[in-house]
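First comes the structure, then the notes that go with it.
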Number of protein chains: 2
Amino acid sequence: MSQTSTDILREAGISPSSQRVAIAEFVLHTGSHPSADEVLVQARKRLPGISVATIYNTLNLFVEHGLLRTFSLSQNHTVYDACTDPHHHFIDDETGRIHDLPIDAVRVSHDNFDDFDIREVQVVLRGRTNPQNPPAKLAK
Amino acid sequence: MSQTSTDILREAGISPSSQRVAIAEFVLHTGSHPSADEVLVQARKRLPGISVATIYNTLNLFVEHGLLRTFSLSQNHTVYDACTDPHHHFIDDETGRIHDLPIDAVRVSHDNFDDFDIREVQVVLRGRTNPQNPPAKLAK
DNA sequence: ATCGGTGCAAATTATTTGCATGAAT
DNA sequence: ATTCATGCAAATAATTTGCACCGAT
């Protein structure tokens, strides 16, 4: 980690309270796409008393300051994605797990629409994760 | 309308109770992408006493039987989309309104992934709706 | 009378609001 | 002493569960 969470928060213009650092420590450095609930569990490992409301408010704050992006999946799951390089997503139908795909693995082109000014293109691929992978990858 | 809601429900293997018909009547025929709440309002116009739980349970039932698809937008909004022809979506940043795009207005190609078996490709474009349209379209 | 299907009240889960506390001037 | 930021309890909104009722056998 080249920069501490505290530094990242300061640079984003957020004052680094202990609660915020506890949350940042996990959510800005995980490759997973955690829900608010998962963030709560991890943050409590560092700061046991932290409240649910603070998790939500802090995650919203991070989103407003561009440190995170929300990603709204099927019904009951809003998920947070650390804003690193742009990428696309694959969602496993069975487990719901989200995998990042390199941006250039998916190409999109579209017509010009008179009525729409397009700012962002979001591609979600869905399907199954193959059990019979290249064996090397299965090694544990 | 070539087929009544009752017929559609029967064909899908759902017995057409009055509540279900009241919901189907709106949600299977609207071009909009209503939330559960909007469905509630419309269904109550036909059947004033219908409960919120019935709306949710019925919408879930329709989804299971392939009559609807859910579409999960930013945080607090799950929305239902009648399963007609495949299409993509444009979401207005300001209003949150969803517009359908013809399927062939967007082209996607992607690498073959060893690990993933892709069943569905979902493209969401986001941005602003242009106020300065071809004037004809603005006429009211 | 029993059983499966239906609808809804109540319970649960997710998220936001508003206020109490503390730090900075 | 006043102001503003912060965190959290409580309120609200969204969704699911489980049971009571009704119609068919």
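Below, each value reflects all heavy atoms present in this structure, side chains not excepted, and no hydrogens, waters or symmetry copies. Each chain gets a letter, A, B and so on, in the order the sequences are listed, and its residues count up from 1.
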Original post:
Tell me, for nucleotides 19-25 of chain D in 5' to 3' order, what letter each nucleotide earns: B for a base near a protein heavy atom under 4.0 Å, S for only sugar-phosphate near one, - for neither?
Top reply: -------
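The main-chain N or O of Gly49(B) is never found under 3.5 Å from a side-chain atom of Arg44(B) such that the two would form a donor-acceptor pair.
In this structure, His89(A) has its ring center under 6.0 Å from that of Phe71(A).
A donor-acceptor contact closer than 3.5 angstrom is absent between the side chains of His99(B) and Asp115(A).
Rounding to whole angstrom units, CZ of residue Phe62(A) and P of dT15(C) are separated by 17 Å. Here dT6(D) presents its C1' atom at 12 Å from CD1 of Ile23(A), a figure rounded to the nearest Å. The distance between atom CG of Leu61(B) and atom P of dT6(C), rounded to the nearest whole Å, is 8 Å. When rounded to the nearest whole Å, the span between CG of Asn60(B) and C1' of dT16(D) equals 9 Å. Atom NE2 in His65(B) sits about 11 Å away from atom P in dG5(C), given to the nearest Å. Here dC8(C) presents its P atom at 11 Å from CG of Leu40(B), a figure rounded to the nearest Å. One atom, CD1 of Ile14(B), and another, C1' of dG5(C), lie 13 Å apart when rounded to the nearest Å. Atom CG of Leu59(A) and atom P of dT16(C) are 10 Å apart (whole Å).
Cluster partners of Phe62(B), using a side-chain heavy-atom cutoff of under 4.5 Å among ILVMFWY residues and allowing indirect links, are Ile8(B), Leu9(B), Ile14(B), Val21(B), Ile23(B), Phe26(B), Val27(B), Leu28(B), Val39(B), Leu40(B), Leu47(B), Ile50(B), Val52(B), Ile55(B), Tyr56(B), Leu59(B), Leu61(B), Val63(B), Leu67(B), Leu68(B), Tyr80(B).
When all heavy atoms of Ala22(B) and Arg46(B) are compared, the pair lying nearest together is O-CD, 3.8 Å. Contact between Ile103(A) and Pro86(A) at its shortest, heavy atoms only, is CB-O, 3.5 Å.
Picking from dT15(D), dG7(C), dG7(D) the nucleotide with the shortest atom distance to the side chain of Tyr56(B) gives dT15(D).
Of the residues in residues 41-53 of chain B, those lying under 4.0 Å from DNA chain D by heavy-atom distance are Val52(B), Ala53(B).
Ion pairing between Glu120(B) and Arg69(B) holds under the 4.0 Å rule for side-chain N and carboxylate O. Using a 4.0 Å cut-off between charged side-chain N and carboxylate O, Asp92(A) and Arg128(A) make no salt bridge.
Distances shorter than 4.0 Å separate none of the side-chain N or O atoms of Asn57(B) from OP1 or OP2 on dT16(D). Within the 4.0 Å cut-off from OP1 or OP2 of dG7(D), at least one side-chain nitrogen or oxygen of Ser17(A) is found. Taking 4.0 angstrom as the limit, Ser15(B) places none of its side-chain polar atoms (N or O) nearer than this to OP1 or OP2 of dG5(C).
Annotation: Arg107(A), atom CZ; neighbour count of heavy atoms from other residues, nucleotides and ligands within 6.0 Å is above 12.
Note on Asp37(A): nothing from the nucleic acid sits closer than 4.0 angstrom, heavy atoms only.
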